[in-house]
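We name chains A, B, ... by the order of the sequence lines, and we start the count at 1 in each one.
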Protein chains: 2
Amino acid sequence: MSASVTGLAESATEPHVFVIFGSTGDLARRKLIPAFYELQDREDFRHRSVVLGVGRQTLTDDEFRAEAAEALRAAGLDPDDTERWCSACLHYQSISDGFEALADRIRRIEADHSLLAENRAFYLALPPQVFETTVTGLAEAGLNHSAGWTRLVVEKPFGHSFESAVALNDLVHTVFDEEQIYRIDHYLGKDTVQNLLVFRFANALFESAWNRDRIEEVQITVAESLGVEDRAGYYDQAGAVRDMVQSHLAQLLTLVAMEPPTRLEAAAIRDEKVKVLAAVRAIDPERVVWGQYATSSGIDGTIPGYTDDLGQDSSTETFVALELFIDNWRWEGVPFRLRTGKKLPGKATSIAVVFKEAPISLFGPEHAGHAQANVLMLTIQPDEGFKLFFDVKGPGEGAPLRTEAFTFSYQEAFGDLPDAYETLLGDVIDGDQTLFVRGDEVERSWHLFDPLLESPHEVVAYEAGVDWGPPSAAQLVGQHGWLEQA
Amino acid sequence: MSASVTGLAESATEPHVFVIFGSTGDLARRKLIPAFYELQDREDFRHRSVVLGVGRQTLTDDEFRAEAAEALRAAGLDPDDTERWCSACLHYQSISDGFEALADRIRRIEADHSLLAENRAFYLALPPQVFETTVTGLAEAGLNHSAGWTRLVVEKPFGHSFESAVALNDLVHTVFDEEQIYRIDHYLGKDTVQNLLVFRFANALFESAWNRDRIEEVQITVAESLGVEDRAGYYDQAGAVRDMVQSHLAQLLTLVAMEPPTRLEAAAIRDEKVKVLAAVRAIDPERVVWGQYATSSGIDGTIPGYTDDLGQDSSTETFVALELFIDNWRWEGVPFRLRTGKKLPGKATSIAVVFKEAPISLFGPEHAGHAQANVLMLTIQPDEGFKLFFDVKGPGEGAPLRTEAFTFSYQEAFGDLPDAYETLLGDVIDGDQTLFVRGDEVERSWHLFDPLLESPHEVVAYEAGVDWGPPSAAQLVGQHGWLEQA
């Protein structure tokens, strides 16, 4: 589990330089710079952390600071404070000057800021095409090790197929040890995702029912209401399986299905996650539904289809629903149904655990209010929280059973949750790999989903903003249908 | 289960006369008359139901109607409507004129109101002393049977000991069959109490954990903030065991602990309830704590003790806490802790089901927020609803586990619940005995608790309105302590 649970965060932060490749890109601006700014709230960060932006542009430190300050203002953070922080802790180096110049610059910064322990993290917020040259360049400049620690943070996608993922891992492993590598899947940084383990292993009531004897099926949904927006170029090469299923949905699957780890340590937890993926039976292509959003017209006007957004014809899937089984003692025979898509009628990431019905019903068919089995709905985002649906006696005479819900809201209990990147960057600095994806985990996931992409399949149109995928997606699930988080 | 769940209420109400003995008493005024008035809202009641009040006073119908209208107004019911109903459906007969006169009057009313089916219910809202003469009187006038149905409704206390309860049952059984007898424990009329069976047997998630493997202990609390008020005379002869434990707490115990009935019928359900009582091991007198509230002084002034309220010395208990075990496969070794008392710091009837902790804790001692095991708190009254306590990851870095609660509120889901007496009177008329206590059940309960009263015991003082009973009550329970519903 993350430092947030193992308690590592209590220890003082080790002095370090955090290098961001792609520091003027979208991810850096929207997520990384604000996350570093928020981390400065931690007292143990003061005077121990410097961020060095790296990019192809030629910028002075002050120009970069101005950009960063603008990004922070756009994120709603206090301008006075932001400028003070930017000038104290932000530097910039153009990669056009080469990796040796970068190495010199890092050493100069370490001297100027008294960060002589040589602890360094490199965040590759870069497109896949420049990944190899960057890793190689770091190594050639001797930046893959130091007197302190050196850590490499890698953004997804981790390859675009099983083969390319293996090749990518091989490349990185020639230069860095696995213990230095932090593969980001930002879902793992969400409190609600981390809580999956807490909820399961701190609450015996649920964990004792968390198996094939008591559970009918598990549904995992990552529904987006947006389309591909300005990522159409990348997205058309990827599609929903590569972009979402192989990463986010596979992560949620492993956390829901894994055995208890021997202890709350990165190695033990990641071992158990890999075991889940290794136990998944080859997915039946007949139990996969592929969709692409098509133009729809409604009272709010026309919603453009995927090929309109892209500007050309395409057979890339923007929706996929599938069924899989985990062949182990805990889960044999329990269907896991996964779905994700763009321009769906709602936006929600949720996990619905559908428990088995009572073996007999004491309550006759006249109790029409008895609508469903016990369902535990874990909503990852938005409206973070849980609902547990159960049947209760309706009020008064002649009352049918009613399905009602226990509810719990993170917002009501805790207020706003921290951003995932803040958690993950803090864990990189703390040296906690728990919330990062291990090399074998990535490969296992690709090994599972890659064959689907290879198998012939028809991509069926669904109405943008109207349908929850093609009609056949509904036939993947049992009598309960797909359960909405609402 | 009651007509409210079995669906019997759908059928038309059979025409009847409902005779209330003690019709000018407190119970009739506060509960029975308002309940009958509310029942008239049921369309199938119109022109089929007449109430005949019986008492020692000599009153005309109109005088009785005026008293009833006053009682309805005091209960907050609409005066216009109440007077119309009173004059249409209410009559009065003095028992000073004898039982033959009563029989004549009933027959006259049946003729006048065209209720010729001779369906009759007799509600004995009477002190125990006149119980025998009333039952005998009814029999001598031939009122223990009729061409239609004849039902006898009996208020608690059902005797004051095992022996007296057996004698009382024997007496009644000489005149009425058990199928004619409806022993009221008004707790069973509460929707929240009836829901115990629905909640257990319609929700497989909970029922599958409802046993010695998963449950650590069960606590049943009936806490009152009031003292004995104007019932001191009666109460001093009874005490908490006779007044509360033998009846209300025993009923809650049986509903929480019973096996699933073969079907939702009175006989099947009551069979299972009796089996629970029959399986309770003789209670260890060392595991019983007796208390009596004593004068206390606080910022709100002095709260008088029990002997002040009573006006004389007494060793009657106003508080009792005890531990018992049910020797069957489901419950062996699981302690059931019961407590009830007057002038406690809070008012609540609740059942706390404490589930076992996880076999190992993955979360270290630094997670100080981990306060308790999973607890299902069923609040019978007031604030009717459930809470399910569970552990969740606190927000952000360095966060301890936090114990939070799923919540469900009847009020929020359903609005106001009907009064227990309305439910129970409706069930008497519908001929559904489910929510009434069977003769053998009463005897079993007395058999269980009577020996405690016989065994020597010390009654320890506790501060009125301040203490939750004597300090030794806290030692009856484990590390969790007594769980409050708050």
If one checks every heavy atom of Phe201(A) against chain B at 4.5 Å, the contacting part turns out to be both

- Heavy-atom side-chain contact between Arg214(B) and Leu205(A) under 4.5 Å: no

Honestly, the part of Ser409(B) sitting under 4.5 Å from a heavy atom of chain A is neither

message: Could you check whether any side-chain heavy atom of Phe386(B) comes within less than 4.5 Å of a side-chain heavy atom of Val392(A), counting everything from C-beta outward?
response: yes

Whatever's closer than 4.5 Å to a heavy atom in chain A on Leu417(B) counts as side chain

Item checked: Check: Asn374(B) side chain, Ala204(A) main-chain N or O, donor-acceptor pair, under 3.5 Å -> yes

Minimal heavy-atom distance between Ala202(A) and Leu401(B), with the atoms involved, is CB-CD1, 3.9 Å

Practice item. Measure from the side-chain N and O atoms of Asn203(A) to the backbone N and O of Phe390(B), and report whether any donor-acceptor pair falls under 3.5 Å. Key: no

To the nearest 0.5 Å, atom OH of Tyr410(B) lies from atom NZ of Lys393(A) at 8.0 Å

If one checks every heavy atom of Pro261(B) against chain A at 4.5 Å, the contacting part turns out to be both

Okay, Ala209(B) and chain A: the region with an atom under 4.5 Å from a heavy atom over there is side chain

Rounded to the nearest 0.5 angstrom, the CZ-CZ distance for Phe206(B) and Phe355(A) is 9.0 Å

Honestly, the part of Leu376(B) sitting under 4.5 Å from a heavy atom of chain A is side chain

Ring-plane angle category for Phe199(B) and Phe406(A), please: parallel below 30°, perpendicular beyond 60°, tilted otherwise. perpendicular

